[in-house]
Amino acid sequence: MAKVLGDVRVLEMGTFITGPAAGMLLADLGADVVKVENSDGGDPFRAFKGGLYSPHFQTYNRNKKSITLNTKQPEDLAALDALIADADVFIQNFRPGVAARLGVDAARLQAINPKLIYCAISGFGASGPDRKRPAFDTVAQAASGFLRLLLNPAQPRVVGPAIADSITGFYAAYGILGALHERATTGRGRVVEVSMLEAMCHFNLDDFTHYFSAGEVMGPYSRPNVSQSYVFQCADGGWIALHMSSPTKFWEALAEAVGRPDMLALPEFADRNARIAHYDDVVAFLAPIFRTRDREEWRRLLLEKGVPSSPVYASNEVLETEQARALALEVSATHSETGLFRTIRSPVSFDGERADTVVPPPVLGVDNPAVLGRPAWTPPGE
């Protein structure tokens, strides 16, 4: 794929997900991203079964280099400063105040390089009573009002991936790209700030808009009811999802697919408002029908009839679909030390060019010789 950020150098001093996710998004677009890690084990997300190459770490750190520095040591801080002088972007996701203690606050680094785009990611923002509170994914989801949209009221339990962490990384990269665009005209750097709370409140915009415009506080079933979305279990235990929306043609096609062309004459199926008001009745009518066939049978039948639907796939099943193969979603590479690395490519194409190659996530400090002129990192005591 075209390296549209091929002339951009990024120093990422990120840990866990938010900072590394932002760095990875830039790296996927071709930026030269150097991950600056501490010398006593690196990014804490590396730790896994006694090693330093966890699946979590691999998820957010492809296409990067890794160096090790301890900026509390004068010689290491000086080495970082030398890199800052030629960098375009610096990313950190420390709690407010920590960057200054490490000597990597915006004021000091931009004094070295006034053109530097400095990105600071926090949990609750740089000001306010919660600014120093610890923030992790679930905390940010809950604080922003988003988590309650995912909870089953009958059995409240946190589900799903680290949405808040990943989304915050996306917003950080978005802000960095805007600042880089402006700098091309002004020549000035910027301090780009984003918090997990702010990112998730914006991501949860639909919920807030309903409150602002209609005084409605959304719940976990608000959107599925209005969008007429359903999930049904099939005879083989698999699940199939439908997003019916409102066009009559979809409902007519569904009625034909399930062998009940008469169902649209029932009161609960009369029109959009009836289906929304009687959502549970619609589910009660259709659920037993879907339990009569296996998931694959329903997939073929619904596809044939043009019903907006999909099996609820697991990740391994997704990779086996004809569409995933046609799009070449999986890319891989072999790392000299860790072996085969498989991942999902960037979803963005430029002029039809896809990101069909990838650099595996780096071993800790592997790029010390090339970037710092120092030996590669070795575990303490070796």
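FYI, the numbering just counts along the sequence from 1.
In this structure, Thr186 OG1 and Lys115 NZ are separated by 9.5 Å, a value rounded to the nearest 0.5 Å. In this structure, CG on Leu5 lies 6.0 Å from CG on Leu26, to the nearest 0.5 angstrom. The NZ atom of Lys3 sits 11.0 Å away from the CD atom of Glu353 when rounded to the nearest 0.5 Å. Atoms CG and NE2, on Asn273 and His278 in that order, are 10.0 Å from each other to the nearest 0.5 Å.
We find that Glu296 and Arg300 are joined by a salt bridge, their nearest charged nitrogen and carboxylate oxygen being less than 4.0 Å apart. Salt bridge status for Glu75 with Arg374: absent, with no side-chain N to carboxylate O gap under 4.0 Å.
Closest non-hydrogen pair, Ser227 versus Ser229, comes out as OG-OG, 2.6 Å. Scanning both residues, Pro153 and Tyr221, for their nearest heavy atoms gives CD-OH, 3.8 Å. Phe57 approaches Pro361 most closely through the heavy-atom pair CE2-CB, 3.9 Å. Closest approach of Ser122 to Ala126, counting heavy atoms only: OG-N, 4.2 Å. Annotation for Ser166 and Ile17: closest pair N-CG2, 4.0 Å, computed over non-hydrogen atoms. Closest approach of Ala199 and Thr168 over heavy atoms only: CB-OG1, 3.6 Å.
Counting heavy atoms from C-beta outward, Val226 and Tyr279 have side chains that stay 4.5 Å or more apart. Side chains of Phe203 and Ile163 form a contact here, defined as non-hydrogen atoms less than 4.5 Å apart. Here the side chains of Ile289 and Arg260 are in contact, with some heavy-atom distance below 4.5 Å. For the pair Leu242/Leu286, no side-chain contact is recorded, criterion being any heavy-atom separation below 4.5 Å from C-beta on. With a 4.5 Å cut-off on side-chain heavy atoms, Gln228 and Val282 do not count as touching. Looking only at side-chain heavy atoms (C-beta outward), Leu327 and Arg354 come within less than 4.5 Å of each other. Side chains of Leu102 and Lys72 form a contact here, defined as non-hydrogen atoms less than 4.5 Å apart. Side chains of Glu37 and Arg46 form a contact here, defined as non-hydrogen atoms less than 4.5 Å apart.
No more than 12 heavy atoms of other residues, nucleotides or ligands sit less than 6.0 Å from atom CZ of Phe136. Counting non-hydrogen atoms of neighbouring residues, nucleotides and ligands closer than 6.0 angstrom, the NE2 atom of His202 reaches no more than 12 such neighbours.
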- Message: Pair His210, Ser222 - check side chain to side chain contact (heavy atoms under 4.5 Å, CB included), show working.
- Response: CA-CA 10 Å; His210 277 76; Ser222 297; over 6 Å; no

- For Thr18 and Asn93, run side-chain hydrogen bond (donor to acceptor under 3.5 Å, both in side chains): C-alpha distance rounded to whole Å, both residues' side-chain angles, the deciding distance at 0.1 Å, then the answer. CA-CA 7 Å; Thr18 57; Asn93 61 325; 2.9 Å; yes

- Query: Going through the checks in order, is the side chain to side chain contact (heavy atoms under 4.5 Å, CB included) test met by Tyr174 and Val194?
  - Reply: CA-CA 10 Å; Tyr174 161 81; Val194 60; over 6 Å; no

- Query: Could you walk me through whether Leu302 and Leu254 pass the side chain to side chain contact (heavy atoms under 4.5 Å, CB included) check?
  - Reply: CA-CA 7 Å; Leu302 295 172; Leu254 178 63; 4.0 Å; yes

- Item | From CA spacing to verdict: side chain to side chain contact (heavy atoms under 4.5 Å, CB included), Tyr53, His335 | CA-CA 12 Å; Tyr53 209 68; His335 193 285; 4.2 Å; yes

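Note: Tyr230 and Phe232 have parallel aromatic rings, judged against thresholds of 30 and 60 degrees for the angle between ring planes.
Remark: the backbone N or O of Arg108 is paired with a side-chain donor or acceptor of Asp105 at under 3.5 angstrom. Asn204 places no side-chain N or O within 3.5 Å of a backbone atom of Met200 that could act as its donor or acceptor partner. Using a distance-only test at 3.5 Å, with no hydrogens or angles considered, no donor-acceptor pair links the side chain of Asn70 to the main chain of Ser39. Put simply, the side chain of Ser54 gets close to the backbone of Phe45: a donor and an acceptor are under 3.5 Å apart. The backbone N or O of Gly103 lies less than 3.5 Å from no partner atom in the side chain of Thr71, so there is not a single donor-acceptor pair. Side chain of Arg95 to main chain of Gly123: no donor-acceptor pair is present (N/O by atom type, distance under 3.5 Å, no hydrogens or angles). Judged by distance alone, with hydrogens and angles left aside, the side-chain atoms of Arg345 form no donor-acceptor pair with the main-chain N or O of Val331 at under 3.5 Å. In terms of modelled atom types and a separation under 3.5 Å, the side chain of Asp88 and the main chain of Arg9 share a donor-acceptor contact. At distances below 3.5 Å, not a single donor-acceptor pair connects side-chain atoms of Tyr313 with backbone N or O atoms of Glu320. A donor-acceptor pair is defined here as one N or O able to donate and one able to accept, closer than 3.5 Å; such a pair exists between the side chain of Asn38 and the backbone of Gly42.
Note on Tyr118 and Ile91: separate hydrophobic clusters, where clusters join Ile, Leu, Val, Met, Phe, Trp and Tyr whose side-chain heavy atoms are under 4.5 Å apart, directly or indirectly. Linking ILVMFWY residues whenever their side-chain heavy atoms come closer than 4.5 Å, directly or via other members, leaves Tyr60 and Ile344 in distinct clusters. Cluster annotation: Ile84 and Val371 are assigned to the same hydrophobic cluster (Ile/Leu/Val/Met/Phe/Trp/Tyr, side-chain heavy-atom contacts under 4.5 Å, transitive). One hydrophobic cluster, built from ILVMFWY side chains closer than 4.5 Å, holds both Val191 and Leu116. Taken together through direct or relayed side-chain contacts under 4.5 Å among Ile, Leu, Val, Met, Phe, Trp and Tyr, Leu25 and Val33 form parts of separate hydrophobic clusters.
Donor-acceptor pairing under 3.5 Å is recorded for the side chains of Asp137 and Gln141.
Annotation: Phe269 is in aromatic contact with Phe285 [ring centroid separation under 6.0 Å].
Every pair passing salt bridge (charged side-chain N to carboxylate O under 4.0 Å, His left out) that includes a residue from residues 328-338 is listed here, sequence neighbours excluded: Glu330-Arg342. Within the structure, every pair that satisfies the salt bridge (charged side-chain N to carboxylate O under 4.0 Å, His left out) test and touches residues 185-209, not counting sequence neighbours, is listed here: Glu182-Arg190. Residue pairs satisfying the salt bridge (charged side-chain N to carboxylate O under 4.0 Å, His left out) criterion with at least one member in residues 59-71, sequence neighbours excluded, are listed as follows: Glu12-Lys64, Asp28-Arg62, Asp32-Lys65.
For Pro44, the side-chain contact (heavy atoms from CB on, under 4.5 Å) test picks out Thr15, Phe16, with sequence neighbours left out. For Pro247, the side-chain contact (heavy atoms from CB on, under 4.5 Å) test picks out Ser245, Lys249, Phe250, with sequence neighbours left out.
Residue Leu52 is found in a hydrophobic cluster whose other members, listed by chain and number, are Leu364, Trp377; membership requires side-chain heavy atoms under 4.5 Å apart, directly or through intermediates.
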